[in-house]
Amino acid sequence: MPSSPSAGLPTGPCVVVIFGASGDLAHRKLIPSLENLAREGLLSPSFAVVGVATRPWTNEEFRSRVFGDGASDSGDSAGNAARQWLAERMYYLSGDFRSPETYQRLRELLINVDQQYATKGNYLFYLSTAPQFFSEIPQQLDRQKLTSETGDSWRRVVVEKPFGRDLKSAQELNETLRETLGEQQIYRIDHYLGKETVQNLVAFRFANGMFEPTWNRRYVDYVQITAAEDQGIGHRGRYYDQAGALRDMIPNHLFQLLTLTAMEPPISFDADAVRNEQVKILKAIQPISSEEVPRSSVRGQYGASASGGVIAYRDEKYVAADSITPTFAALRLMIDNWRWSGVPFYLRTGKRLPKRSTEIVLCFKKAPFTLFRNMGISRCAPNLLILRVHPDEGISLSFDAKRPGAVMNLGNVEMNFSYQDYFDSQPQTGYERLLYDCMLGDATLFQRADMVEAAWSVVAPILEYWQETIPGDFPNYSPGTWGPPAVDELLARDGFCWRHCE
Ligand code: BG6
């Protein structure tokens, strides 16, 4: 992804208001990202943070809680200075998100903060809360005139995932948000877009002349997108059992990878130009009828490991003992446009798979066999272009080479680029770029209402079918395997097989 328009320059004056400031996301990602931005000199001197949550903390407690115990000295002087600078301008407001009184007090606090830090009435409200507050908070803010943009001041709202749980609820949420906010004020976040390698996908495709000519149905046989996790659901049973693998990962994270891989070159890197191309891909995905669901999708749920060391999904905390929630989902999608007609895109994601790995693989059509036909070479391997999103970020290209020796024999080799070999950078949380762009008003890496709705439309028939048809075979895969056996058939029917991430 290109640099933001003002990349390298500090943001303008503003206050970041984090709802749900005592939660995990604020602690693990948001505050550390602001700290990294401060360290890089990318925050305005006129900057402050206000945390809002129900816990009865003071400003001091908030600061020490989010920075943790060892926070005061990381042994890195620039890092310590940034943390100190940030801590001095962090405030906390304890209150119930449902109570109008919380918002009256927030308004008063913001007036004071504006005066003290010259933040000019520019507010970024970050909804790091449970989804039931995504409509309530903007409405309450609106009643206090905190979302209306007057004069030169801007007001923006970042909405975390999940953005709805199906098409209808996403449409309703969009409608409610639009009652109090303009579309340009709404930043629907998908943290996958904050990952360097996801942004690099666009650079790779459009900053290099040699790949794009082969990036189409003439040369590509199929595309695989994998987001595998070796962990289970941790303490998130309450949320996860209502969501499941498809809702949790596919219409958001995997569709970001899909659309950036498949989209046409945008006419510019303007937010709408990029998002217009992404949404065209979502709309070009062939609708799946309910009859086609069993052949175009696979769902799975992990059982216990044979050794008993890993418990079954149904035994996890807050999960129903007869849960039919999938912890694994795979889809076969076809994109009906000139570039991709006839090229299947296979997506898979799951918990308790053999390893943590997110990658995109383009499998190129095989070379014609004529040259080697009489040489005892049984097959030429297809060329694979593998974009490793996480971990071990990088790109590799596999191809056949002659094995040394008197006889003509081929071996598969790899050209490999690893991010860490080339670029030296401070560890990032993935939220830096997203927060920075949001403060600059660049929405390129955020989802537009039509994208979210188009994504839910694609998965709607599958969600409905899965809801109505009880799977007879759950649990159907063991921890540490690549999902249920049916996932191999999804590709085998087309004559392909999954690349099992090494
Ligand atoms: C979240 C999902 O959005 O993304 C989690 O709710 C998942 O279930 C996570 O584990 C994966 O993100 P990452 O950045 O850890 O690959």
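Predicted, not measured: the structure shown is a model, and the values here were computed from it. Atoms within a ligand are numbered from 1 in the order they appear, just like the ligands themselves.
Under the 30°/60° scheme for interplanar angles, the aromatic rings of Y346 and W498 are found to stand perpendicular.
Every residue was checked against the ring-ring contact (aromatic ring centres under 6.0 Å, His included) condition with W466, not counting sequence neighbours, and none meets it. In this structure D166 satisfies the side-chain hydrogen bond (donor to acceptor under 3.5 Å, both in side chains) test together with S169, sequence neighbours excluded. Residues that satisfy the ring-ring contact (aromatic ring centres under 6.0 Å, His included) test with H253, not counting sequence neighbours, are H191, Y192.
In this structure, R348 is positioned above the aromatic face of W482, its NZ or CZ under 6.0 Å from the six-membered ring centre and within 45° of the axis.
No side-chain donor-acceptor contact under 3.5 Å links T147 and Y123.
Each of K161, H191, Y192, K195, E229, R236, D248, M249, H253, K351, R356 has a non-hydrogen atom positioned under 4.0 Å from some atom of ligand 1.
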